[in-house]
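Read the structure below first, then the notes.
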Amino acid sequence: MKVLPGVFTGFLLTFSALMFFAESASAEGRAQLRFCEDPWAPYTLGEIDSVPEGGIAVELFKELGERLDVDFQLRLLPWKRCLLWAETGDYDGVMLLTRNDERAAYLTFTDSVHEDKTWSGIRQTGVSITALKALPTSRVFVSV
């Protein structure tokens, strides 16, 4: 299995429909579940109203699909539409989101499945960064 870079602690993957995936099995016996998300690099890459082109969450769902024998049909939607359609049952779940009481009323949450750490660094130039005001004269990168 390819190790995926971390995902935010506190971001949770919802699988409310997984408990019932046997009921939605296709003729071939493989369950089909519809999950949505909005474009959110590096987790989901692509355009609204399309299938995601890639991203960490997409890779995670590919692996889950293989392990669980589930065909995840992923779609990128505007965020509020994704939440609404998960609530109304048009979609089985949302790929990544934070748990709150409102969402917990219509989604079942797993434990955190992906943890992300944010790193920052500076190109080795011999510059000593002792204060934020020194940053404009240095090349800095931040990895999310």
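Index from 1, following the sequence.
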Residues at least two apart in sequence or cross-chain that pass side chain to side chain donor-acceptor pair (under 3.5 Å) with Asn100, listed by chain then number, are none
Closest approach of Leu77 to Pro39 (non-hydrogen atoms, all atoms of both residues) = O-CD, 4.3 Å
How far apart are the closest heavy atoms of Leu76 and Pro52, and which atoms are they?
-> CD1-CA, 3.8 Å
Gly46 and Glu53 have their tightest heavy-atom pair at CA-CD, 3.9 Å
same_hphob_cluster(Leu68, Leu74) at 4.5 Å side-chain heavy-atom cutoff = yes
Below 4.0 angstrom, N of the basic side chain to O of the carboxylate: do Arg67 and Glu63 qualify?
-> yes
Kindly compute the distance separating CZ (Phe109) from CZ (Arg103), expressed to the nearest 0.5 Å.
-> 6.5 Å
Same hydrophobic cluster for Tyr106 and Trp79, using side-chain heavy-atom links shorter than 4.5 Å among ILVMFWY?
-> yes
Residue pair Val70 / Arg30, side-chain heavy-atom distance below 4.5 Å | no
Out of curiosity, does Ile56 fall in the hydrophobic cluster containing Leu45 (side-chain heavy atoms, cut-off under 4.5 Å, transitive links)?
-> no
Search all heavy atoms of Phe35 against all heavy atoms of Asp92 and return the closest pair with its distance.
-> CE1-CB, 4.2 Å
Approximate separation, where rounding is to 0.5 Å, of Leu97 CG and Trp40 CH2 | 9.5 Å
Without swapping roles, check the side chain of Glu37 against the backbone of Leu96 for a donor-acceptor pair under 3.5 Å.
-> yes
One should read off an interatomic distance between Glu66 CD and Phe72 CZ, to the nearest 0.5 angstrom, of 11.0 Å
Can you check whether Tyr91 reaches Leu83 side chain to side chain, under 4.5 Å on heavy atoms?
-> no
Residue pairs involving residues 34-104 (criterion disulfide (SG to SG under 2.5 Å); sequence neighbours excluded) = Cys36-Cys82
Report the residues that fulfil side chain to side chain donor-acceptor pair (under 3.5 Å) with Asp71, sequence neighbours left out, ordered by chain and then residue number.
-> none
Do Asp38 and Pro78 have side-chain heavy atoms sitting under 4.5 Å apart?
-> no
Where do Asp90 and Arg34 come nearest, in terms of heavy atoms and distance?
-> O-NE, 3.4 Å
Looking at OG1 of Thr44 and CZ of Phe61, how far apart are the two atoms once the value is rounded to the nearest 0.5 Å?
-> 10.5 Å
Electrostatic pair Arg81:Asp49 at N-O distance under 4.0 angstrom = yes
